[in-house]
Amino acid sequence: MNLRTKDLHHVYAGDIHALKGISLTIAGGRCVLLLGQNGAGKSTLLKHLNGILKPTSGEVLVGETNTKLHDAAFLAQFVALSFQNPDDQISSKSVVEEAMFGPRNLGKQDPEALAREALRMFSLEGDANTHPYDLHPSKRKLLTIASAIAMDTPVVAFDEPTAGFDVTQRCLFGKALERLKERGKTVILVSHDLDYSLQYCDSVILMDHGSVTFHGDKIHLLSRPDLREILRASGLGLPILCRMSKAIGLRTAPSSVEEFVQLLHDNRTI
């Protein structure tokens, strides 16, 4: 399912101009990394995709559906969103009930099966009958991510999904991303964790003070000679693998350890 914004503006109370004329097209089935420093407008943009926020002016189209014409409950069948703070999302008395909440309200055929499958993806099946607030905060975040996935929507968006995760939890989330991509889902990641997220995404959107400064394929971004300056304008530094590649004279910047090892092999005479 394609996502499009046309000259999208959003102004909060107090004349805070959070989005400034954003026009984007995100092709269905892509995994997109949305980057920018705090206050860049990333979360505001996400909340327009499922109707939590409405444009001050301009349009947001989810497929052919104009979000201005429908409420968030209707748009939830297309876009599932996992919030940055899990406590803003959890409302049920058990882990399995929380994971079932979305698919049940969407009228899915077997919400419990969808919920339990999503819980297994994050090793939460043993906590099915636990109250969500008895979980460690990082496991509560895994629960909200699993709950979004359980909705089985064409588009899934995650706001700072790996913040506070340990190595095992980051691995679980990475495997979940791969499964979503295999299923043809459109995935949007909002993250400051550039080193981790680059390995999973296809394309990148850079934002700064409510405007888009770059939108294109990951390979295109990493191959630009002014990469350091582009990232710095969005409050970001060069990924570690890019710095290592530059230091040893590699001409191409990798986005994963596997790519880095392959580049070393291909350039083993340097």
Side-chain angles (χ1 to χ4, degrees), residues 1-6 24-35 42 45-52 60-67 70 72-83 99-124 142-162 170-191 193 196-205 215-222 255-256 258-259:
M1 175 172 284
N2 294 341
L3 302 171
R4 288 175 288 166
T5 66
K6 298 181 180 180
L24 292 170
T25 297
I26 297 174
R30 302 278 282 176
C31 183
V32 180
L33 178 58
L34 184 54
L35 295 169
K42 306 184 301 298
L45 178 58
L46 273 195
K47 290 176 181 177
H48 278 78
L49 299 181
N50 67 351
I52 293 175
V60 179
L61 299 175
V62 178
E64 299 302 320
T65 302
N66 189 324
T67 63
H70 301 278
F74 178 84
L75 295 166
Q77 67 184 299
F78 305 120
V79 182
L81 172 59
S82 172
F83 296 163
M100 288 174 60
F101 180 86
R104 178 185 284 156
N105 280 276
L106 290 179
K108 297 291 184 178
Q109 186 172 1
D110 193 343
E112 184 172 357
L114 290 169
R116 291 189 181 276
E117 179 190 6
L119 293 176
R120 281 193 295 272
M121 292 170 71
F122 298 100
S123 299
L124 290 172
L142 284 176
L143 172 58
T144 58
I145 291 170
S147 298
I149 292 173
M151 294 171 68
D152 195 27
T153 52
V155 183
V156 191
F158 305 102
D159 196 350
E160 295 293 350
T162 59
R170 288 158 65 90
C171 183
L172 287 172
F173 182 67
K175 289 179 180 178
L177 287 178
E178 294 293 352
R179 289 183 65 178
L180 292 172
K181 291 165 65 176
E182 289 169 2
R183 295 175 181 179
K185 305 291 188 182
T186 303
V187 181
I188 302 173
L189 296 179
V190 170
S191 179
D193 194 345
Y196 174 84
S197 302
L198 269 177
Q199 62 188 308
Y200 298 106
C201 73
D202 304 307
S203 58
V204 178
I205 299 170
H215 179 209
D217 287 343
K218 169 180 62 177
I219 295 173
H220 180 205
L221 175 66
L222 292 176
S255 62
S256 68
E258 290 78 12
E259 288 181 19

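Note that the structure is a prediction, hence the values are computed from the model and not measured. Note: hydrogens, waters and symmetry copies are ignored here, and every other heavy atom, side chains too, is used. In this chain, numbering begins with 1 at the start of the sequence shown.
- Counting only heavy atoms from C-beta outward, the side chains of Thr67 and Leu61 never approach each other to under 4.5 Å.
- With sequence neighbours left out, the side chain to side chain donor-acceptor pair (under 3.5 Å) criterion links Ser191 to Ser197.
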Original post:
Going through the distances and angles, do Ile205 and Leu33 end up as a side-chain contact (heavy atoms from CB on, under 4.5 Å)?
Top reply: CA-CA 6 Å; Ile205 299 170; Leu33 178 58; over 6 Å; no

Subject >> Step-by-step side-chain contact (heavy atoms from CB on, under 4.5 Å) determination, Leu172 to Phe122 >> reply: CA-CA 6 Å; Leu172 287 172; Phe122 298 100; 4.2 Å; yes

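- Residues Val79 and Val62 come closest through the heavy atom pair CG2-CG1, 4.0 Å.
- Nearest approach of Gln77 to Pro154, heavy atoms of both residues: O-CD, 3.5 Å.
- Checked against side chain to side chain donor-acceptor pair (under 3.5 Å), Lys218 has the following partners two or more places apart in sequence or in another chain: Ser255.
- Val187 pairs with exactly one of Leu177, Val155, Ile26 by the side chain to side chain contact (heavy atoms under 4.5 Å, CB included) rule, that one being Leu177.
- Lys185 meets the salt bridge (charged side-chain N to carboxylate O under 4.0 Å, His left out) test with Asp152; sequence neighbours excluded.
- Between Phe158 atom CZ and Ser82 atom OG the span is 6.5 Å, to the nearest 0.5 Å.
- Put simply, the side chain of Val204 reaches to within 4.5 Å of the side chain of Leu198, judged on heavy atoms.
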**OP:** Take Leu81 and Leu46, measure what side-chain contact (heavy atoms from CB on, under 4.5 Å) needs, and give me the verdict at the end.
**Re:** CA-CA 8 Å; Leu81 172 59; Leu46 273 195; 3.6 Å; yes

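- In this structure, Val60 and Asn66 have side chains that are not in contact, with every pair of non-hydrogen atoms separated by 4.5 Å or more.
- Partners of Glu182 by salt bridge (charged side-chain N to carboxylate O under 4.0 Å, His left out), not counting sequence neighbours: none found.
- In terms of heavy-atom proximity, Asn2 sits nearest to Gly28 at OD1-N, 2.8 Å.
- Contact record, Phe78 with Thr153: O-CB, 3.5 Å, taken as the closest heavy-atom pair.
- Classification of Asp193 and Arg170 as a salt-bridged pair holds, one side-chain N sitting under 4.0 Å from a carboxylate O.
- Between Val156 and Ile188 there is no side-chain heavy-atom pair separated by less than 4.5 Å.
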**OP:** Go through Val32 and Leu189 one step at a time and tell me if the side-chain contact (heavy atoms from CB on, under 4.5 Å) criterion holds.
**Re:** CA-CA 6 Å; Val32 180; Leu189 296 179; over 6 Å; no

Donor-acceptor pairs under 3.5 angstrom involving side-chain atoms of residues 99-106: please list them, not counting sequence neighbours.
from	atom 1	to	atom 2	distance (Å)
Arg104	NH1	Glu97	OE1	3.2
Asn105	ND2	Phe101	O	2.7

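- The two residues Ser203 and Arg30 have their closest heavy-atom pair at CB-NH2, 3.7 Å.
- Here the straight-line distance linking atom OH of Tyr200 with atom NZ of Lys175 works out to 9.5 Å at 0.5 Å rounding.
- Contact record, Leu75 with Gly51: CD1-CA, 3.5 Å, taken as the closest heavy-atom pair.
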Distance-only donor-acceptor pairs under 3.5 Å for side chains of residues 111-121, two or more places apart:
from	atom 1	to	atom 2	distance (Å)
Glu112	OE2	Arg116	NE	2.9
Glu112	OE2	Arg116	NH2	3.3
Glu117	OE2	Arg179	NH2	3.3
Glu117	OE2	Arg183	NH2	2.7

